A.B. asks: 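Before anything else, here's the structure in question.
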Amino acid sequence: MEIKIEYRPSYALAIVGLGMNESIVAEGGAMVSMSSNVAIQTSRSAAGGGGLLKGLKRAVLGGESFFMNTYTAQGGAGEVTLAPTLPGDITVLPMTGPAMMIQGTSYLASTPGISLDTKWGGMKTLLGGEGLFMLKASGQGQVIVNSFGAIHEIPVNGPYIVDSGHIVAFEETLTFEVKRVGSWKATILSGEGLVTLFNGKGRLWIQSRNPRAFGHAVGSKLPPRES
Amino acid sequence: MQVNIVGAPDYAMAEVDLAANEQIQVESGSMMAMTTNLSLETKAKGGVLSGLKRMVGGESFFMNTYTAQGAPGRIMIAPAVPGDMRHVQLNGGEFFIQSGSYVASSPGVALDTKWGGAKTFFGGEGLFILKASGTGDVLFGSFGAIHEVNVAGGYSVDTGHIVAFEAGLSFNVRKVGGLKSLFLSGEGLICDFRGNGRLYIQTRKPGSFVHWIHGFRRVKPKSN
């Protein structure tokens with residue numbers, strides 16, 4: 001498998017070259033184009049046996065599509081191109097060691113050797129309105145993630161604070177805790193909402209724009225919808 | 001006509017130099033700057049009825065024609081959405097453009113929304129394909145970058161990512177579960193191309209982006 005990322009960083013496209021009978025698993029809405037010998041298999045549990053409940057969790061809580069699709073090149077080599085909904089970058093995270101925690105909407109695709117499990121960011125996180133929802137990717141292979149805006153890698157060593165809406169992914173060696181900044185008053189008035197406090201040693205990827213902040217900036221200017 | 005595309009790929013615009021008395025037809029709202037000797041004529045081209053047909057195709061009702069009066073002139077043209085642009089020249093052949101991607105063309109190029117294959121594309125997403133034919137220049141734009149594929153045999157694309165394609169390609173639209181338009185219709189539409197020719201794909205899908213923003217609109221309070 002050969003994965004190339006083109007048109008970085010604003011409107012990145014992942015071009016996945018598949019060998020004969022090779023597969024890639026992708027988030028339901030990610031496929032842009034493919035060679036005609038590529039077969040699509042739609043499944044709720046394609047990504048590591050997630051099952052119906054996990055599929056639902058992905059759909060409702062993670063901002064992800066309900067379905068995972070598996071693309072397989074049949075009878076010869078083939079290609080699939082993949083892109084996220086929002087403008088921004090795509091990057092490939094090689095997985096050889098620690099598991100990776102991926103923010104729900106940042107997951108784009110993964111090689112079949114990677115199993116995906118949903119993991120709650122804690123009820124606190126959800127109640128806080130940020131809807132932080134993490135997928136846990138483990139195994140050997142590659143995970144493709146996307147960012148809203150540019151993607152920025154931070155080698156964390158010790159405590160580090162990130163606004164929860166800017167998280168893309170981080171290595172499981174990092175502990176994380178969602179908390180308010182300062183007092184409740186400060187949380188409400190500062191516009192900073194909830195932050196995630198990381199600790200330990202590991203890599204962290206953040207996105208330079210917060211999708212929710214952009215959504216509110218545009219959505220609040222539009223006429224109300226019926227439901 | 002000399003066309004120079006600048007600002008590519010994120011925010012492309014076209015600088016078009018016209019010879020004396022040369023004309024260009026521009027999608028309504030896409031003119032960003034021009035020299036003072038350019039005159040503008042706005043009309044429902046081909047009469048009101050074909051203007052209405054174009055509106056069904058996702059284009060503006062009115063087409064704007066700019067003419068460089070008596071001397072060379074320059075017009076700068078920008079599409080509405082962020083992304084790239086391309087310029088192609090037709091030499092008597094045909095070329096197909098997704099209607100939302102059309103930006104401008106020279107007077108020798110005819111645009112047709114009523115050709116045989118147009119119906120096939122009109123599948124719930126408001127996707128409509130214009131057939132451009134004749135001799136002259138065509139300008140089109142994309143949401144995101146433009147990925148060019150030289151199809152030899154077959155290739156498939158999510159219909160919302162189609163920008164344009166050459167006449168050597170035939171196509172068939174089919175439904176597939178689990179694609180991007182899942183949110184809109186429960187099924188995605190995929191276009192299978194056959195033959196040989198160049199295909200232009202946009203790396204972002206306007207419909208999905210708009211649907212995503214829709215989720216952030218306030219909900220109208222229910223009246224009793």
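Values below: every heavy atom of this structure, side chains too, minus hydrogens, waters and symmetry copies. By convention in this document, chain letters (A, B, ...) are assigned in the order of the sequence lines, proteins followed by strands, and residues within each chain are numbered from 1. Quick caveat: nothing in here was measured; it's all calculated off a predicted structure.
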A.B. asks: Checking heavy atoms, do the side chain of B:L199, its backbone, both or neither come under 4.5 Å from chain A?
C.D. replies: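 Answer is neither: B:L199 stays 4.5 Å or more from chain A.
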A.B. asks: Please flag which part of B:D10 lies under 4.5 Å from any non-hydrogen atom of chain A: side chain, backbone, both or neither.
C.D. replies: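 Both backbone and side chain.
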A.B. asks: Indicate the atoms forming the closest heavy-atom contact of B:M85 with B:A12, along with that distance.
C.D. replies: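 Scanning both residues completely, I find the closest heavy atoms to be N-CB, 3.6 Å.
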A.B. asks: Determine whether B:D158 and B:K205 make a side-chain contact, defined as any pair of heavy atoms from C-beta on separated by less than 4.5 Å.
C.D. replies: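 A side-chain contact under 4.5 Å exists here.
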A.B. asks: Is A:I15 in contact with chain B via its backbone, its side chain, both, or neither, using a 4.5 Å heavy-atom distance?
C.D. replies: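 Answer is side chain: those atoms of A:I15 sit under 4.5 Å from chain B.
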A.B. asks: Among B:Y155, B:Y200, B:F165, which residue satisfies the ring pair (Phe, Tyr, Trp, His ring centres under 6.0 Å) criterion with B:F193?
C.D. replies: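 The ring pair (Phe, Tyr, Trp, His ring centres under 6.0 Å) with B:F193 is passed solely by B:F165 among B:Y155, B:Y200, B:F165.
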A.B. asks: Relative to chain B, which of A:P224, A:A12, A:S10, A:P211 shows the most heavy atom pairs under 4.5 Å?
C.D. replies: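 Maximum pair count with chain B is reached by A:P224.
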A.B. asks: Among A:S220, A:S36, A:S35, which residue forms the greatest number of heavy-atom pairs with chain B at distances under 4.5 Å?
C.D. replies: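 So the answer, after comparing A:S220, A:S36, A:S35, is A:S36.
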A.B. asks: Out of B:F96, B:Y102, B:F95, which one pairs with B:F140 under the ring pair (Phe, Tyr, Trp, His ring centres under 6.0 Å) rule?
C.D. replies: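 Passing option: B:F95.
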A.B. asks: Hey, are B:R194 and B:D192 close enough for a salt bridge, meaning a charged N less than 4.0 Å from a carboxylate O?
C.D. replies: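 Salt bridge: no.
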